[in-house]
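Worksheet: one structure, shown below.
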Amino acid sequence: MLKISLLARDNTSKPKYLDDGFKSLSESSSSITSERIHRAEEASGLSMMQTLIHLLKCSIGTGLLGLPLAMKNAGLLVGPVSLLAIGILTVHCMVILLNCAHHLSQRLQKTFVNYGEAMMYSLQTCPNAWLRTHSVWGRYTVSFLLIITQLGFCSVYFMFMADSLQQMVEEAHVTSKTCEPRKILVLTPNVDIRFYMLTILPFLILLVFIQNLRVLSIFSTLANITTLGSMALIFQYIMQEIPDPRNLPLMASWKTFLLFFGTAIFTFEGVGMVLPLKNQMKHPQQFSFVLYLGMSLVIVLYICLGTLGYMKFGSNTQASITLNLPNCWLYQSVKLMYSIGIFFTYALQFHVPAEIIIPIIISQVSESWALFADLSVRTALVCLTCVSAILIPRLDLVISLVGSVSSSALALIIPPFLELITFYPEDMNCITIVKDIMISILGLLGCVFGTYQALYELTQPINHSVANSTGVYA
């Protein structure tokens with residue numbers, strides 16, 4: 001039987017500083033999390049293979065299936081080159097984040113610091129007096145963006161799983177044994193998609209009660225297996241009889257490129273899990289190797305699937321590549337396997353906002369109510385992602401919106417800024433300063449213009465044939 005590690009059981013005694021009231025929420029939250037993870041590391045930290053599995057699963061989500069459409073929005077040449085550049089910049093910013101967190105933990109003699117703490121401690125030592133005075137808002141900002149980003153991922157996962165389940169059920173009577181190229185289906189759903197969401201909801205609530213990453217690594221392994229199987233079937237199909245790509249545009253319009261930017265940033269979903277994964281490794285010094293290996297595999301997979309998918313389907317490329325697959329049982333299994341993988345990935349993405357929110361709530365209740373508060377908050381957050389998924393009219397645009405707003409801030413804007421304020425008092429060289437400024441400006445431009453374009457598209461009348469990125473109903 002799997003052992004569920006719950007917060008109330010991990011902390012057998014309530015820390016004294018919790019009596020200090022609302023003013024000490026930030027410190028108490030940090031200390032609870034730090035003590036728990038430190039004990040977990042001492043007892044049984046993650047191995048290098050387990051960490052790699054977690055990293056791969058956090059990085060390979062629903063955004064991957066939308067990459068062929070992202071390539072269509074950018075162009076056959078501009079798309080792969082831009083995706084490679086964004087991937088390299090994202091990994092570089094992950095390394096910056098790791099270096100800053102390590103430097104600050106040594107400077108402050110702490111076991112580790114998380115993303116929000118790194119921002120706060122850096123601002124406390126920066127030359128600007130106003131920033132030093134308001135340093136705690138650096139932590140609040142990062143924590144807020146992490147919560148929005150990760151819960152945004154979870155909402156997208158919710159819609160994808162429910163939509164895939166609806167497709168498999170509604171298409172069952174027209175699914176054939178022979179795999180012919182897909183034709184446009186004009187189907188009327190028999191059951192509202194909200195029913196499928198409510199069906200999935202209790203299972204996800206039970207899943208998020210598991211917060212031990214070692215236990216989750218078992219499910220993460222299963223998710224990687226199912227995702228690998230679905231990817232193998234997708235590649236097996238899109239590599240057959242690829243049409244002449246010379247008719248495809250090498251460069252798309254700038255408006256659609258902005259949607260590409262948001263989708264591309266969204267697909268690199270692992271930035272919020274980088275520090276938690278390193279902090280829970282048996283040997284954290286090995287994480288750099290795991291990061292470079294894992295993200296290299298991820299970038300290659302992204303470019304290959306996006307490019308080959310666009311070359312295969314051309315102007316008919318749909319918002320999710322599963323829509324272009326033949327309507328037969330073999331390729332219907334792709335949706336099933338990928339949905340299983342996304343189901344277990346939900347718990348990993350949920351881990352980050354839970355680690356931020358729950359300790360704050362726990363610090364405000366007595367020890368006897370800690371377990372009830374823990375489970376209640378987890379249940380409420382899962383229900384929130386369910387409600388958000390119900391309210392989403394265009395999943396493909398929401399992916400771009402989440403990527404442009406919060407993912408770009410966490411992945412491209414904040415890490416270079418963090419490096420500047422962390423190492424500037426220690427005589428940074430001019431090249432590093434210019435590099436950090438340029439990356440932050442690039443991320444800011446992508447954030448502003450990508451957000452504008454996604455919001456503009458969301459305000460346009462909905463074409464019901466593409467209302468959901470995974471929808472099949474015309």
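The model shown is predicted, which means the values in this text are computed figures rather than measured ones.
- The shortest distance between side-chain heavy atoms of Ile321 and Lys312 does not fall below 4.5 Å.
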Begin from the C-alpha positions of Ser388 and Leu151 and carry the test side-chain contact (heavy atoms from CB on, under 4.5 Å) through to its verdict.
-> CA-CA 9 Å; Ser388 300; Leu151 292 183; over 6 Å; no

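- Residue Met120 holds its CE atom at 8.5 Å from CG of Asn114, rounded to the nearest 0.5 Å.
- The two residues Cys100 and Thr422 come nearest to each other via the heavy atoms SG-OG1, 4.0 Å.
- Using a 4.5 Å cut-off on side-chain heavy atoms (C-beta onward), Ile148 and Phe144 make contact.
- Of the possible polar contacts, one joining the Thr267 side chain to the Ala264 backbone as a donor-acceptor pair under 3.5 Å is found.
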Could you pull out every donor-acceptor pair under 3.5 Å between side chains of residues 408-421 and any protein atom, sequence neighbours left out?
{"from": "Ser408", "atom 1": "OG", "to": "Ser404", "atom 2": "O", "distance (Å)": "2.3"}
{"from": "Glu419", "atom 1": "OE1", "to": "Lys435", "atom 2": "NZ", "distance (Å)": "3.2"}

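- Between the Thr385 side chain and the Val382 main chain, a donor and an acceptor come within less than 3.5 Å of each other.
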Do Leu67 and Tyr310 pass the side-chain contact (heavy atoms from CB on, under 4.5 Å) test, and can you show the C-alpha distance, the side-chain angles, and the key distance before you say yes or no?
-> CA-CA 8 Å; Leu67 283 177; Tyr310 179 40; over 6 Å; no

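- Checked against Leu46 for a side chain to side chain contact (heavy atoms under 4.5 Å, CB included), the options His283, Gln280, Lys282, Lys278 give a single hit: Gln280.
- Environment of CD in Glu241: sparse, with no more than 12 heavy atoms of neighbouring residues, nucleotides or ligands closer than 6.0 Å.
- Side-chain contact between Ile53 and Leu56: absent, with no pair of heavy atoms (C-beta onward) separated by less than 4.5 Å.
- Note that CG of Leu104 is 11.0 Å distant from CE of Met119, once rounded to the nearest 0.5 Å.
- Separation of atoms CD1 (Ile200) and OG (Ser339) is listed at 7.5 Å; rounding is to 0.5 Å.
- Of the possible donor and acceptor atoms, none in the side chain of Lys335 sits under 3.5 Å from a partner among the backbone N and O of Asp163.
- The shortest side-chain heavy-atom distance between Leu76 and Met311 falls under the 4.5 Å cut-off.
- Using the six-membered ring where Trp is involved, Phe158 and Tyr346 have ring planes that are perpendicular, over 60° apart on the 30 and 60° scheme.
- Thr227 OG1 to Ile342 CD1: the interatomic distance, rounded to the nearest 0.5 Å, is 6.5 Å.
- Note: Tyr140 and Trp137 have perpendicular aromatic rings, judged against thresholds of 30 and 60 degrees for the angle between ring planes.
- Smallest separation of non-hydrogen atoms from Gly229 and Met337: C-CE, 3.7 Å.
- The closest side-chain heavy-atom distance from Pro353 to Phe153 is not below 4.5 Å.
- The CG atom of Leu336 lies 10.5 Å from the CH2 atom of Trp329; values are rounded to the nearest 0.5 Å.
- Tested against Ser230, the residues Tyr338, Tyr331, Phe235 include a single side chain to side chain contact (heavy atoms under 4.5 Å, CB included) partner, Tyr338.
- Contact annotation: the side chain of Phe112 never approaches that of Pro284 to less than 4.5 Å [non-hydrogen atoms, C-beta and beyond].
- Judged purely by atom type and a 3.5 angstrom limit, Thr256 uses its side chain to pair as donor or acceptor with the backbone of Asn73.
- Ring to ring, Tyr157 and Phe160 are not that close: their centroids are 6.0 angstrom or more apart.
- Pairing each heavy atom of Lys72 with each of Thr317, the nearest pair is NZ-O, 3.9 Å.
- Between the Gln150 side chain and the Phe350 main chain, no donor and acceptor come within less than 3.5 Å of each other.
- Taking the ring pair (Phe, Tyr, Trp, His ring centres under 6.0 Å) definition, one finds that Phe423 meets it with His103, sequence neighbours left out.
- Considering all non-hydrogen atoms of both residues, Leu291 and Met94 come closest at CD1-SD, 3.7 Å.
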Decide side-chain contact (heavy atoms from CB on, under 4.5 Å) for Val290 and Leu277; before the verdict, give the C-alpha distance in whole Å, the side-chain angles of both, and the deciding distance to 0.1 Å.
-> CA-CA 10 Å; Val290 173; Leu277 286 176; over 6 Å; no

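- Atom CD1 of Ile437 is separated from atom CG of Leu444 by 13.0 Å, given to the nearest 0.5 angstrom.
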With side-chain contact (heavy atoms from CB on, under 4.5 Å) as the test, would you mind laying out the steps for Val298 and Leu55 before giving the verdict?
-> CA-CA 10 Å; Val298 167; Leu55 181 64; over 6 Å; no

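- Side-chain contact between Phe261 and Phe449 is absent, with no heavy-atom pair separated by less than 4.5 Å.
- Scanning all heavy atoms of the two residues, the minimum distance from Phe260 to Leu83 falls at CZ-N, 3.8 Å.
- Checking side-chain atoms of Arg378 against main-chain N and O of Val208 turns up a donor-acceptor pair under 3.5 Å.
- Enclosure of atom CE in Met49 is not indicated, since only 12 or fewer non-hydrogen atoms of other residues, nucleotides or ligands lie within 6.0 angstrom.
- Side-chain contact between Leu69 and Leu259 is absent, with no heavy-atom pair separated by less than 4.5 Å.
- Residues Leu201 and Cys386 approach most closely at CD1-CB, 4.2 Å, considering heavy atoms.
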